[in-house]
Peer 1: 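Provided herewith is a single structure, encoded as structure tokens, for subsequent inquiry.
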Amino acid sequence: MIDFSGSEARITESTLVIGLVLPDVMGTYGDGGNALVLRQRARLRGIDAEVLPITLADPVPATCDIYTLGGAEDYAQRLATRHLTQYPGMQEAAAKGAPVLAICAAIQVLGHWYETSEGERVDGISLFDLTTTPQATRSIGEIEGVPLIDGLTQPLSGFENHRGGSALGPDAAPLMRVVRGTGNGAGAAVDGVVQGSVLGTYMHGPALARNPELADHLLARATGRSLEPLDLPDVELLRRERLRK
Ligand code: GLN
């Protein structure tokens with residue numbers, strides 16, 4: 001787990017607070033890096049930003065400006081579901097428009113319910129109008145797609161590894177049309193979900209390191225301002241390399 005010790009002490013009235021939700025149980029494939037990318041892209045624009053890790057030992061505050069959650073295996077996912085149900089601070093913040101980024105298992109936890117690979121149905125927290133059931137086979141590998149939401153123009157890419165497939169209900173829209181990989185599964189040829197200020201994707205990577213435009217989309221929403229572009233050749237190189245593979 002990334003060490004953010006001391007970050008709470010540096011938070012002031014004007015700090016952009018990035019809630020890293022349950023990194024102790026949700027954060028496979030370096031998903032905690034999404035919070036670091038948000039912090040760095042904010043700081044490069046002169047915005048004071050800190051990552052606040054929220055573990056199973058903490059109630060979830062409703063006061064963060066943005067929340068990120070990573071993927072997890074079934075048991076860890078279940079612990080996270082129980083904690084978020086007990087402490088609904090993130091749901092309260094999302095209802096007021098705070099952006100939330102949910103990766104892989106977190107999509108499933110944020111849905112109405114998910115069925116584990118053992119066939120057990122677990123109630124989620126219903127931030128997303130979707131349900132998740134196991135697919136016939138596990139989806140593992142690179143995923144790539146074309147964004148379907150306003151404000152995103154660049155292709156998106158990541159790495160997926162999940163058994164669950166998520167079916168979207170009428171209140172949820174997909175994040176992207178899949179051109180490589182599986183995404184939400186069930187022959188839908190789409191990945192991810194967008195509902196109000198809450199966004200989910202099956203892309204690990206971490207997703208925001210590979211998709212800077214998506215990072216800025218969330219950051220703009222969290223800060224309530226339009227952000228000037230950043231010229232970061234190394235980040236652009238990484239993005240292009242990933243899309244070529
Ligand atoms: N346990 C979930 C599944 O297999 C999520 C896995 C993950 O987050 N990588 O569908």
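Computed from heavy atoms alone, side chains included, the values below leave out hydrogens, waters and symmetry copies. Along the sequence shown, the residues carry numbers beginning at 1. Each ligand, and each atom within it, is numbered from 1 in the order the structure gives.
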Peer 1: Could you tell me whether some N/O pair between I103 and ligand 1 is separated by less than 3.5 angstrom?
Peer 2: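 For ligand 1, there is no N or O atom that lies under 3.5 Å from one belonging to I103.
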Peer 1: Are any of the heavy atoms in H204 under 4.0 Å away from ligand 1?
Peer 2: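 So H204 counts as touching ligand 1.
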Peer 1: Just to verify, what does S14 make a side-chain contact (heavy atoms from CB on, under 4.5 Å) with, not counting sequence neighbours?
Peer 2: T12, D48
Peer 1: Test side chain to side chain donor-acceptor pair (under 3.5 Å) on R239 and N211 and set out the steps.
Peer 2: CA-CA 7 Å; R239 198 181 72 77; N211 302 290; over 6 Å; no
Peer 1: In the protein, what heavy atom is nearest to atom 6 (C) of ligand 1, and what distance, to one decimal place, separates them?
Peer 2: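 Result: A72 O, 3.2 Å.
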Peer 1: Kindly confirm or rule out an N or O of G71 lying under 3.5 angstrom from an N or O of ligand 1.
Peer 2: no
Peer 1: Should A105 be counted as touching ligand 1, given the test is an N or O pair under 3.5 Å?
Peer 2: yes
Peer 1: Suppose I only count heavy atoms of N161 and a 4.0 Å limit; which atoms of ligand 1 are within that range?
Peer 2: 6 (C), 7 (C), 9 (N)
Peer 1: Might you confirm whether atom CD of Q154 has over 12 heavy atoms from other residues, nucleotides or ligands at distances under 6.0 Å?
Peer 2: yes
Peer 1: Can Q108 be said to touch ligand 1, with heavy atoms closer than 4.0 Å?
Peer 2: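 Contact present.
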Peer 1: Within a reach of under 6.0 Å around CZ of R82, are more than 12 heavy atoms found that belong to other residues, nucleotides or ligands?
Peer 2: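 Result for CZ/R82: open.
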Peer 1: Quick one, R45 and D216 - any side-chain contact, counting heavy atoms below 4.5 Å?
Peer 2: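 A side-chain contact exists here, since the closest heavy-atom pair is under 4.5 Å.
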Peer 1: Give the residue and atom name of whichever protein heavy atom lies nearest to atom 10 (O) of ligand 1, and the separation in Å to one decimal.
Peer 2: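 Of every protein heavy atom, G164 N, 2.8 Å lies nearest to atom 10 (O) of ligand 1.
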Peer 1: Does the pair S166 and N184 meet the rule for a side chain to side chain donor-acceptor pair (under 3.5 Å), with working shown?
Peer 2: CA-CA 5 Å; S166 299; N184 294 352; 5.5 Å; no
Peer 1: Quick check: does R163 get an N/O under 3.5 Å from an N/O on ligand 1?
Peer 2: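 Checking ligand 1 against R163, an N or O pair does fall under 3.5 Å apart.
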Peer 1: Which pairs with one or both residues in residues 154-179 pass ring-ring contact (aromatic ring centres under 6.0 Å, His included), sequence neighbours excluded?
Peer 2: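 Qualifying pairs, neighbours excluded: Y29-F159, H162-Y202.
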Peer 1: Given that the side chain starts at C-beta and the backbone is N, CA, C, O, which of these parts of A106 lies under 4.0 Å from ligand 1, counting heavy atoms, or is it both or neither?
Peer 2: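 For A106, no heavy atom sits under 4.0 Å from ligand 1.
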Peer 1: Hey, are the side chains of L69 and I103 touching, using non-hydrogen atoms and a 4.5 Å cut-off?
Peer 2: no
Peer 1: Within ligand 1, which atoms have a heavy atom of C104 less than 4.0 Å away?
Peer 2: 5 (C), 6 (C), 7 (C), 8 (O), 9 (N)
Peer 1: Return a yes/no value for D74: is any of its N or O atoms, backbone included, closer than 3.5 angstrom to an N or O of ligand 1?
Peer 2: yes
